[in-house]
Amino acid sequence: MYNKEIDNKWQKIWDEKKSASFHKERIDKKYYCLEMFSYPSGAKLHVGHWYNYGPVDTFARFKKMQGYEVFQPMGFDAFGLPAENYAIKTGIHPYDSTMNNIDTMEKQLKAMGAMFNFDAEVVTCKEDYYKWTQWLFLKLLEMGLAYRKNANVNWCPSCNTVLANEQVIDGECERCSSVVTKKDLTQWFFKITDYAEELLDGLKELDWPDKTKKIQTNWIGKSTGSVATFKVEGKELAFDVFTTRVDTICGVSYVVIAPEHEMVAKITTEEQKSNIEEYIERCRRITEIDRLADDREKTGVFTGSYAINPVTGEKIQIWIADYVLATYGTGCVMAVPAHDERDFAFAKKYDLPVKQVVTSTDGENIDIKKEAFTKPGILINSGKFNGLTTDEAKNKITEYLKENELGDFKITYRLRDWLVSRQRYWGAPIPVVYCDICGIVPVPEKDLPVKLPYDVEFKPDGKSPLAKSEEFVSTTCPHCGGKAKRETDTLDTFVCSSWYQFRYPDNKNTDKIFDTEWIDKMLPVDKYVGGPEHAAMHLLYARFVTKALSDAGLTKVREPFKSLVHQGLILGPDGNKMSKSKGNVISPDVYVEKYGSDVFRMYLMFGFSYIEGGPWSEEGVTAMVKYFGRLERLLEKMISLKDTKVSEISKDESELCYLFHNLLKGINYDLEQMQFNTAIAKIMEITNAFYKYDQAVEDDKKNTKLLKETISQFIRIIAPFAPHFAEEMWERAGNEFSVFDNVYPQAEEKWLEKDEVEIPVQINGNVKFVILLNKDLGKEQVEKIVLADGRLESYLNGRAIKKIIVVTNKIINIVVG
RNA sequence: GCGGGUAUGGCGGAAUUGGCAGACGCGCCGGACUUAGAAUCCGGUGUUGCAAGACGUGAAGGUUCAAGUCCUUUUACCCGCACCA
């Protein structure tokens, strides 16, 4: 009887025989199968980890049996806020709690029996890893891809700390639910925007879910348009606006610049000064919550200055308003109320002019007093551009602006540079020092890692915890040898996880971040599997870092993850997301202990569509326990059978062969697609067919040749799904260790297709009966046979046949009147 | 608001290209074995109807010999982005 004991037995043997290790000499057959590494914030592996790792291990074992040299590493994304928050709450040091959790989780991962290569393990909070994370930072700094600037960041006034964007949930702090405000701080950024076009373009060639590509596409947010230069009347000043609708430029009735824009002070007139200053102050105070409110009315203030329309020469008012974002485009927009809804609302409120310059191509009634007309159309009231279509006008007007040095074509991206500074303790220190004489000085490679000190007061009070460690802060300048101070911020944990795929295959390298020649053979990752929540951040960052490393000459790889799959989410039995507060959390350990790891992973694979997930079902688990019993009884029987020699295969047996090989073909296909549920359904069908055949054998006292012969194949088919169980059965059947050193069975051509096929016969689209035909018969012959069939008459009821549709080997449809 | 996804028996879920809807499993019903039960093995099970049949993939239309699958409209839920000029 399969149980936990069998798990233990084989896990020990696999460990001793180093079954999961990678053989470098077989590099030409390498298959890099990667699951997103674990975040050891909770103390234990949860069902979600299992659902990611169990089925993917089945996939990896399948690949191994296909002859690939599989590299399936595992590690821990160990830095990060949750450990620090836990420390703040309990007083247990993040290092201690993290190492503790890793210890527990490693044990659990081993109890899973997955083919993880633990020799290749990486733990991002260990010095031998974050040394290279810091090295990566310095490399980017050297390349000009890391820079420091003042930024307006999220601030939680209650926790007294900066928050990452992802920690701001609907305008509130994820920890204390206080309303988040903004604060100006000098921060380190990575210049991901340099790669915007390539990040967008590279998506095309990737075997990724469309949805994920779409999310990245939206995140990058490419927008094609024009810039136009507006001069400020009476001043030697000018500013650019970005627009995707330059065809409406003759309808500009005012321009708006962002309140934070540096030009605001220069153009504000004396009379307007107090209004403007008051408005800017109000904008600064505004909370994230208010900013996000959908129904928020637009506000703004007139600066007192005027701009000149570069096409019409008209004089128009310059306003500031916070509906214009300083961080997108040029931070200035031209407002065309007649053709833009936001501008329309603003113009209505402040009684600004509305001038229509585009009309519909198909005579639509447009009432420009009631609402904006935002569709493309034909230009009117636009002087020499009248009569052009929107598309034509975009080109003509931009060219006109270009000739007059007042504008150009322009592509803008929504993607912002990646803010990597965190005022946090539990992360990799940013390896730079500040010297009064030399300025920002990178820590030399020989001095890496900049160690994260253990004894630090990490309770949040608005300052970086590291700033409170005098021992850490004060240092000497590597350049001039004088007194200097260390950077006290740490790196965003997404930096740690952006390059780990490169470190796994060369995790013990002490000289280099990784060996270029070797890495170029191991990468890219052939199959990457993890949750869809990483669709934008992690996956985009990892792609960016890969491109940067490539440009640094460290690898030829430009896309780290060739093929990507997101597993679904396992919900609680009540259909809700599992959470402690709902009391619907399922602990894998209990089930693994009771039924064995294979039962548990088989349940996870069979009960859901892999990419969908779904609610946990207790009955589903017991059903799988039952199936294992049924399977084991069958296999024991098959193993115990005596081979009786019979020369010919009977009809029953050939039927079984057709079924078996067709199912086998399907299993191979399903596994390749990670459709574990249907693959297991087919294994169950094989099981059922063998039971039935065995029964027939008992009844007729026929030979049992087929069952005896098939046993080796059958165990191999099951092996990736239930590795411990299969290994045990393989041994019991008298085979040598290990079943995984054997090839995965393939369907034999000769058993896939029969000479005769059962074809359904429809009348007006409804199936009436099934007819047995020789394969590939011509249409005329099929028609003849069908018309001669005695059963047809009774279904026709005297109706006349109008037409007969014959789809060879598929279906026959008789249309009657 | 914009973008994307999902919807199929009592339940989880199948259906690769428009071609027998409901594979496989749970549950339920029945049979065998048993003194009995448990376990096991076998059979049945979309709805409706005695039956022939009719109906049936969130809803309403449409295209087609044929639609879960394609088109139009629409509802509910989920996810992403959110004043992006």
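Scope of the values below: all heavy atoms of this structure, side chains included, with no hydrogens, waters or symmetry mates. Here is the naming used below: chain letters follow the sequence lines, and residue numbers restart at 1 for every chain. Just so you know, these numbers come straight off a predicted model, no measurement behind them.
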- prompt: Are A/W50 and A/Y591 near enough that their ring centres are under 6.0 Å apart?
  reply: no
message: Taking only the P atom of each, what is the distance from B/U48 to B/G37 in whole angstrom?
response: 30 Å
task: Identify which nucleotide among B/G19, B/A15, B/A54 has an atom closest to any side-chain atom of A/N813, counting heavy atoms from C-beta outward.
output: B/G19
task: Using the C1' atom on both, measure B/G13 against B/U57 and round to a whole Å.
output: 13 Å
field: Who pairs with B/C26 - Watson-Crick or G-U, where each distance is under 3.5 Å
entry: B/G10
query: If the C1' atom of B/G49 is compared with that of B/G43, how far apart are they to the nearest Å?
result: 23 Å
field: Distance between P atoms of B/C24 and B/U73 (Å, rounded)
entry: 39 Å
OP1 or OP2 of B/C83 under 4.0 Å from side-chain N/O of A/R414: no
task: May I ask you to verify if any side-chain N or O of A/S617 is less than 4.0 angstrom from the OP1 or OP2 atom of B/C26?
output: no
Nearest-Å distance once atom P is located in both B/A67 and B/A59: 16 Å
task: Output yes when at least one side-chain N/O atom of A/Y691 is less than 4.0 Å from OP1 or OP2 of B/C42, else no.
output: no
statement: Picking from B/A23, B/G3, B/G19, the nucleotide nearest the side-chain atoms of A/N218 would be B/G3
query: Which part of the nucleic acid, if any, lies within contact of A/G607, taking any heavy atom under 4.0 Å across all strands shown: a base, the sugar-phosphate backbone alone, or nothing?
result: sugar-phosphate
- prompt: Strictly under 6.0 Å, is that where the ring centroids of A/Y610 and A/Y51 end up?
  reply: yes
field: Ring-face cation of A/R543 near A/W219 (centre distance under 6.0 Å, axis angle within 45°)
entry: no
- prompt: Looking for any heavy atom pair under 4.0 Å, which part of the strands does A/K802 touch: base, sugar-phosphate only, or nothing?
  reply: nothing
message: Counting the atoms with a prime plus P, OP1 and OP2 as sugar-phosphate, which does A/N688 contact under 4.0 Å by heavy atoms, base, sugar-phosphate, or nothing?
response: sugar-phosphate
- request: Could you check whether A/V807 gets within reach of a base, just the sugar-phosphate, or nothing at all, counting any heavy atom under 4.0 Å?
  value: base
message: Considering every strand and a 4.0 Å limit on heavy-atom distances, what is the contact class for A/G575: base, sugar-phosphate, or nothing?
response: nothing
- prompt: Contact class for A/Y610 (heavy atom, under 4.0 Å): base, sugar-phosphate, or nothing?
  reply: nothing
task: Tell me which of A/S609 and A/Y795 sits closer to the 5' end of RNA chain B, going by the nucleotide each one is nearest to.
output: A/S609
message: On the nucleotide B/A14, are OP1 or OP2 found under 4.0 Å from the side-chain N or O atoms that A/N677 carries?
response: yes
task: For A/E341 and for A/Y328, locate the closest nucleotide of RNA chain B by heavy-atom distance; then report the residue assigned to the nucleotide nearer the 5' terminus.
output: A/E341
- request: Pick base, sugar-phosphate or nothing for A/K626, based on heavy-atom distances below 4.0 Å to the nucleic acid.
  value: sugar-phosphate
query: Using a cut-off of 4.0 Å on non-hydrogen atoms, how would the nucleic acid contact of A/F606 be classed: base, sugar-phosphate, or nothing?
result: base
query: If only side-chain N and O atoms of A/K692 are considered, is one of them under 4.0 Å from the OP1 or OP2 phosphate oxygen of B/C41?
result: no
- prompt: When you compare B/A23 with B/G12, how far apart are their C1' atoms, in angstrom units rounded to a whole number?
  reply: 13 Å
query: Taking the six-membered ring for Trp, is the centroid-to-centroid distance between A/F714 and A/F690 below 6.0 Å?
result: yes
query: With rounding to whole Å, what would you report as the distance between B/U74 and B/C55 at their P atoms?
result: 29 Å
message: Apply the syn/anti split at 90° from 0 to B/G9 and say which one it is.
response: syn
message: Under the side chain to side chain donor-acceptor pair (under 3.5 Å) definition, can you give me all pairs with a residue in residues 675-684 of chain A, not counting sequence neighbours?
response: A/D670-A/T678, A/D670-A/K682
Base of B/C65 paired with side chain of A/K803 (donor-acceptor, under 3.5 Å): no
message: Need one value for A/V324: base, sugar-phosphate or nothing, where a base atom within 4.0 Å counts as base even if backbone is also close, heavy atoms only.
response: base
query: Can you tell me how far P in B/U6 sits from the matching atom in B/C71, rounded to whole Å?
result: 13 Å
- prompt: Which nucleotide in the list B/A23, B/G43, B/G13 gets nearest to the side chain of A/T678?
  reply: B/A23
- prompt: Between A/R633 and B/A39, does any side-chain N or O lie under 4.0 Å from OP1 or OP2?
  reply: no
query: Can you find a side-chain donor-acceptor pair between A/N764 and A/Y795 that sits under 3.5 Å?
result: no
message: Under a 3.5 Å cutoff, is there a donor and acceptor pairing between the side chains of A/R630 and A/T687?
response: no
